[in-house]
Amino acid sequence: MTASIIDGSALSALLREQVSDRVNALQTRGIKAGLAVILVGDNQASQVYVRNKVKACEQTGIHSVLEKHDATLSEADLLARVHALNHDNSIHGILVQLPLPAHIDAQKVIEAIAPEKDVDGFHVASAGALMTGLPGFWPCTPHGCMKMLEHIGYSLRGKHAVVIGRSNIVGKPMAMMLLQQNATVTVCHSATVDLKAHTLQADVIVAAVGKRNVLTADMVKPGAVVIDVGMNRDDEGKLCGDVDFAGVSQVASYITPVPGGVGPMTITMLLVNTLESAERHAISTA
Ligand code: GUN
């Protein structure tokens, strides 16, 4: 079997057109959707991510404000900035890029963001809303994975999904979203004994570990759907995921590539969340 590729770049382009239309519609009602991005320090990868997020806002007509701060910024000053943005009516989404310098308590900063502007979906209120099925913002990366499954018309009802990785940003919320769609979900992690025994049972596998070749062809049931959240470099410095793409694509029915898979979807879902925040604001102030 040669897997069909789920093209995250193409799906993103489609969804971003829809975002752009809704941004324009909102603007005719006098509301310009706005996102504030805060970057502290000079982490190279974070700079690239943040630049891509701001660029995507520009392309879809979302107003964006990028605040860059020195790595020496105090926690108190960062909290003060977040509080100010919470009360800024031109801003509907606040994103504090992680990781933060070690002297700043990242969780404390995330909890300072007003939940209605938490477009990253990292606040405990957002996590709780996801867990209980209440309205709230979903973390962008797992939400993007769900959109990819939706796009191929894949019904998760009664399917066995295996998530590899248990981070608060991807693994745990991913498991909740799959569960909400009636999949039977197994979460594997670094202490899992015999990962292969689990993945071989899976109809859907989401690899979100941050390590190359976590999933190889011998670990995949023929016809399974494989979503690769990893973002790593191979020996030649080329971008690659957690999945051995060449091998697994001979066994799976669908697979996401790296680059051009989940990555662009993450940013797209950030745009969707920011737009939805602005739309909710419009309803609440109408
Ligand atoms: N660092 C890596 N990914 C993310 C993300 O999705 N949001 C934020 N805020 N920081 C990140």
Side-chain angles (χ1 to χ4, degrees), residues 8 12 15 34-57 62 64-69 71 73 75 78-79 81-82 85-86 91-102 104-127 130 136-148 165-174 176-177 206-211 227-233 239 241-242 258-259 261-277:
S12 278
L15 294 173
L35 173 71
V37 179
I38 301 181
L39 177 63
V40 185
D42 49 15
N43 181 299
Q44 293 282 306
S46 290
Q47 290 190 21
V48 175
Y49 291 144
V50 160
R51 205 179 312 133
N52 288 338
K53 288 169 186 176
V54 168
K55 206 162 81 185
C57 283
I62 293 175
S64 67
V65 178
L66 172 57
E67 280 193 20
K68 285 186 179 176
H69 297 280
L73 182 76
E75 184 181 282
L78 178 54
L79 289 170
R81 282 308 305 142
V82 170
L85 290 165
N86 282 342
I91 295 299
H92 307 97
I94 302 170
L95 182 152
V96 179
Q97 187 67 26
L98 303 176
L100 287 168
I104 297 176
D105 180 344
Q107 199 55 40
K108 196 166 159 187
V109 174
I110 289 167
E111 299 318 327
I113 297 171
E116 65 273 18
K117 295 191 179 186
D118 175 38
V119 288
D120 253 334
F122 293 170
H123 196 288
V124 284
S126 303
L130 169 59
F137 291 115
W138 286 6
C140 302
T141 299
H143 196 179
C145 297
M146 294 301 286
K147 283 280 172 199
M148 293 173 112
R166 57 175 158 177
S167 70
N168 289 337
I169 292 177
V170 185
K172 285 186 210 164
M174 184 83 245
M176 285 301 137
M177 290 174 202
V206 181
V209 176
K211 223 165 74 185
I227 310 277
D228 190 350
V229 179
M231 195 86 93
N232 313 297
R233 297 269 168 197
L239 210 56
D242 289 354
V258 178
V262 174
M265 291 299 294
T266 295
I267 297 186
T268 298
M269 298 323 294
L270 173 69
L271 302 173
V272 169
N273 280 353
T274 303
L275 168 66
E276 286 187 356
S277 178

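The structure displayed is predicted, hence computed values, not measured ones. Atoms within each ligand, like the ligands themselves, are counted from 1 in listed order.
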Requested in this report: Report the C-alpha distance between Y49 and T266 in whole Å, list the side-chain angles of each, state the deciding distance to 0.1 Å, and finish with yes or no for side-chain contact (heavy atoms from CB on, under 4.5 Å).
Outcome: CA-CA 10 Å; Y49 291 144; T266 295; over 6 Å; no
Query raised in the report: Considering only protein heavy atoms, which is closest to atom 9 (N) of ligand 1, and at what distance to one decimal place?
Result: D120 OD2, 2.6 Å
Query raised in the report: Going by the order shown, which atoms of ligand 1 are within less than 4.0 Å of some heavy atom of L95?
Result: 9 (N)
Query raised in the report: If we only count heavy atoms from C-beta on, is the E75 to L100 side-chain gap below 4.5 Å?
Result: no
**Report entry** Check against side-chain contact (heavy atoms from CB on, under 4.5 Å), T274 and L95
**Finding:** CA-CA 10 Å; T274 303; L95 182 152; over 6 Å; no
Query raised in the report: Between V96 and ligand 1, which part of the residue brings a heavy atom under 4.0 Å of the ligand: side chain, backbone, both or neither?
Result: backbone
Query raised in the report: Taking C-beta and beyond as the side chain, do C140 and N273 meet within less than 4.5 Å on heavy atoms?
Result: yes
Report task. Could you give me the CA-CA distance, side-chain angles and deciding distance for D118 and I94, then say whether side-chain contact (heavy atoms from CB on, under 4.5 Å) is met? Result -> CA-CA 6 Å; D118 175 38; I94 302 170; over 6 Å; no
**Report entry** Taking atom 4 (C) of ligand 1 as the reference point, the nearest protein heavy atom with its distance
**Finding:** Q97 NE2, 4.0 Å
Query - Mode of L98 contact toward ligand 1 - side chain, backbone, both, neither (heavy atoms, under 4.0 Å) - result: both
Query raised in the report: Non-hydrogen atoms of K53 versus ligand 1: any pair closer than 4.0 Å?
Result: yes
